[in-house]
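Working notes, beginning with the structure itself.
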Amino acid sequence: MTVVAGPVAAGRVVVVGQGYVGLPLSVRAVQVGHDVVGFDLDKHRTDQLRRGESFIDDISDEDIVACLRTGRFTPTDDPGELAGFRVAVVCVPTPLRDGAPDLSYIEESARILAPHLTAGACVVLESTTYPGTTEEVFGPILEAGSGLEAGTDFHLGYSPERIDPNNPTWRLQNTPKIVSGVDEDSAAAVRAFYDTIVDRTVPALGTREAELAKLLENTFRHVNIALVNELAMYCHELGIDVWSVVDMAATKPFGFMKFTPGPGVGGHCLPIDPSYLSWQVRRSLGRTFRFVEIANDVNDNMPTYVAARVTEHLNRRKLAVNGSKVLLVGLTYKRNSGDARQSPAVPVAHRLADLGAELSAIDPKVDAADVPDGVQLVECTPEVLSGSDVVVILTDHDDIDWELVARHADRVLDTRNRLSGSGVDRL
């Protein structure tokens, strides 16, 4: 076998998965001069890219067109286009199935890449997963399909994604990037590639440490959001304004980080990633990761709590949920983003629909395909607002006319602390 030493040479870069993580990476790689193949098995998605159309908030149509014009960006669903790559980065989903990690997309990516893997190439996994995946699952499939050995014939590493959709401050380029490899040469090759992409790389001791660091980042957020969500429920019963409590605590310049309550957690990370950590601890050590289990319980039940608060709000006016007109404001999981993955608005809508509510929604960001069944998407008008028995604010996009909402919706349950006034109930 060929012994490989030193960083990988420049050449064709393959990015497997053209979603919220892979597409920004593809665009950035083209911008810094790489020849990039953006691979995705979703033909509809690659056809859109070939037409110069983006489908995520962080990348504009103009960005895609500019990449295509360089002649160095090839969106494709054809595995034959992967031949000759020097760097391949896998950015595919890692969902939960019945409470256990589903690595099928990672495994399929390795099987697709393996026939095109050549000596000296570098393969990097970015998908969030449990410690050991790169070396115990991903690498062996690459080896079996290529006849090459990781760390001897090709470089293998892990670099967790840190994409925060629609964050105007922290983008791919200026967010520090953790890099790791299965050996020193692999780590050097992975770092050499990402040094062309981001302003700062942060070497990890190994791939397992890098994999766990990603889970810790999201578990930290998950647990702290659960803390303030549970506090919000108790504050409501105690007659205390939780929002003012959080704001006051946040004036402390050390030892406190501000988290705010809401209708639940959404996106790909928080509803899923901490459960990867909990699953791994239970599988490997036979113990329960209690903080994660408690946080899951609190955050998973927030949509039910919101539905109960809607019921309470209507009861005070001697109205039943059954037959009431409930207007949901915001269906995506995050402010100013069109990303509806795992949005807590969906279970809120389902619980209210099960109780017989007539549901409509205002959201200028959401794709019509992501609107829950039984919910009618409507415009933000005085008639819609005043004709609703209760307005429930679930996501507070800046481009919603909040002055109009404040003037015409005098019966509001606000889970985001966007409005104030005598007719507003806050979480």
Side-chain angles (χ1 to χ4, degrees), residues 1-17 21-22 25-26 29 34 36-37 39 79 82-94 101 103-162 177-198 201-215 276 280:
M1 290 188 178
T2 305
V3 176
V4 178
V8 69
R12 170 173 281 201
V13 174
V14 167
V15 180
V16 179
V21 175
L25 177 61
S26 295
H34 292 290
V36 178
V37 176
F39 179 79
L82 307 184
F85 74 81
R86 301 304 294 166
V87 177
V89 185
V90 173
C91 309
V92 294
T94 47
L103 302 186
S104 60
Y105 296 104
I106 289 178
E107 294 165 346
E108 180 64 16
S109 298
R111 284 191 284 269
I112 290 171
L113 287 171
H116 307 287
L117 184 56
T118 56
C122 180
V123 184
V124 187
L125 180 62
E126 280 208 12
S127 304
T128 303
T129 187
Y130 62 84
T133 301
T134 303
E135 296 187 43
E136 298 167 10
V137 177
F138 189 55
I141 297 175
L142 291 169
E143 291 176 330
S146 67
L148 302 175
E149 184 177 345
T152 300
D153 301 307
F154 69 95
H155 302 298
L156 176 64
Y158 182 77
S159 179
E161 60 88 5
R162 279 177 165 171
K177 194 86 165 71
I178 295 173
V179 293
S180 68
V182 297
D183 62 355
E184 288 187 8
D185 283 346
S186 290
V190 173
R191 187 175 190 181
F193 169 68
Y194 283 107
D195 277 341
T196 70
I197 301 294
V198 301
T201 52
V202 183
L205 290 176
T207 58
R208 292 168 65 89
E209 285 80 5
E211 290 162 336
L212 185 54
K214 171 62 176 178
L215 296 183
Y276 264 60
Q280 173 73 336

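Atoms considered below: every heavy atom in the structure, side chains included; atoms not considered: hydrogens, waters and symmetry mates. In this chain, numbering begins with 1 at the start of the sequence shown.
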Fill in: Full working for side-chain contact (heavy atoms from CB on, under 4.5 Å) between Glu149 and Phe154
CA-CA 7 Å; Glu149 184 177 345; Phe154 69 95; 5.7 Å; no

Fill in: Working for side-chain contact (heavy atoms from CB on, under 4.5 Å), residues Tyr130 and Val137
CA-CA 11 Å; Tyr130 62 84; Val137 177; 3.9 Å; yes

Item to complete: For the pair Ile106 and Thr94, evaluate side-chain contact (heavy atoms from CB on, under 4.5 Å) and give the outcome as yes or no after the intermediate values.
Response: CA-CA 8 Å; Ile106 289 178; Thr94 47; 3.5 Å; yes

Worksheet item: Taking it one step at a time, do Leu113 and Val90 satisfy side-chain contact (heavy atoms from CB on, under 4.5 Å)?
Response: CA-CA 10 Å; Leu113 287 171; Val90 173; 3.7 Å; yes

Item to complete: Check the pair Lys214 / Glu161 against salt bridge (Lys or Arg N to Asp or Glu O under 4.0 Å), numbers first and verdict last.
Response: CA-CA 8 Å; Lys214 171 62 176 178; Glu161 60 88 5; 3.5 Å; yes

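When every heavy atom of Thr196 is checked against every heavy atom of His34, the shortest pair comes out as OG1-NE2, 2.9 Å. The nearest pair of heavy atoms linking Pro131 to Leu212 is CG-CB, 3.9 Å. In this structure, Ala110 and Leu142 approach most closely via the heavy-atom pair O-CD2, 3.6 Å. Nearest heavy-atom pair, Ala114 versus Ser146, reported as atom, atom and distance to 0.1 Å: O-CB, 3.3 Å. Minimum heavy-atom separation, Leu156 to Ser186: N-OG, 3.1 Å. Taking every heavy atom of both residues into account, Gly22 and Val15 meet most closely at O-CG1, 3.6 Å.
No side-chain heavy atom of Val190 sits under 4.5 Å from any side-chain heavy atom of His155. At least one side-chain heavy atom of Val16 sits less than 4.5 Å from a side-chain heavy atom of Val92. Inter-residue side-chain proximity for Val123 and Phe138 is flagged as met; some heavy-atom pair is nearer than 4.5 Å. Considering only heavy atoms from C-beta on, Leu215 comes within 4.5 Å of Thr128 through its side chain. For the pair Leu103 and Thr133, the minimum side-chain heavy-atom distance is below 4.5 Å. Within the 4.5 Å cutoff, the side chain of Phe193 has heavy atoms near those of the Val13 side chain. Inter-residue side-chain proximity for Val124 and Tyr158 is flagged as unmet; no heavy-atom pair is nearer than 4.5 Å.
Residues Ser159 and Glu126 bring no donor and acceptor atom of their side chains to less than 3.5 Å of each other. Counted by atom type alone, Glu211 and Thr134 present one or more donor-acceptor pairs between their side chains at under 3.5 Å.
Of the residues Val89, Val198, Val36, the one that meets the side chain to side chain contact (heavy atoms under 4.5 Å, CB included) test with Leu25 is Val89.
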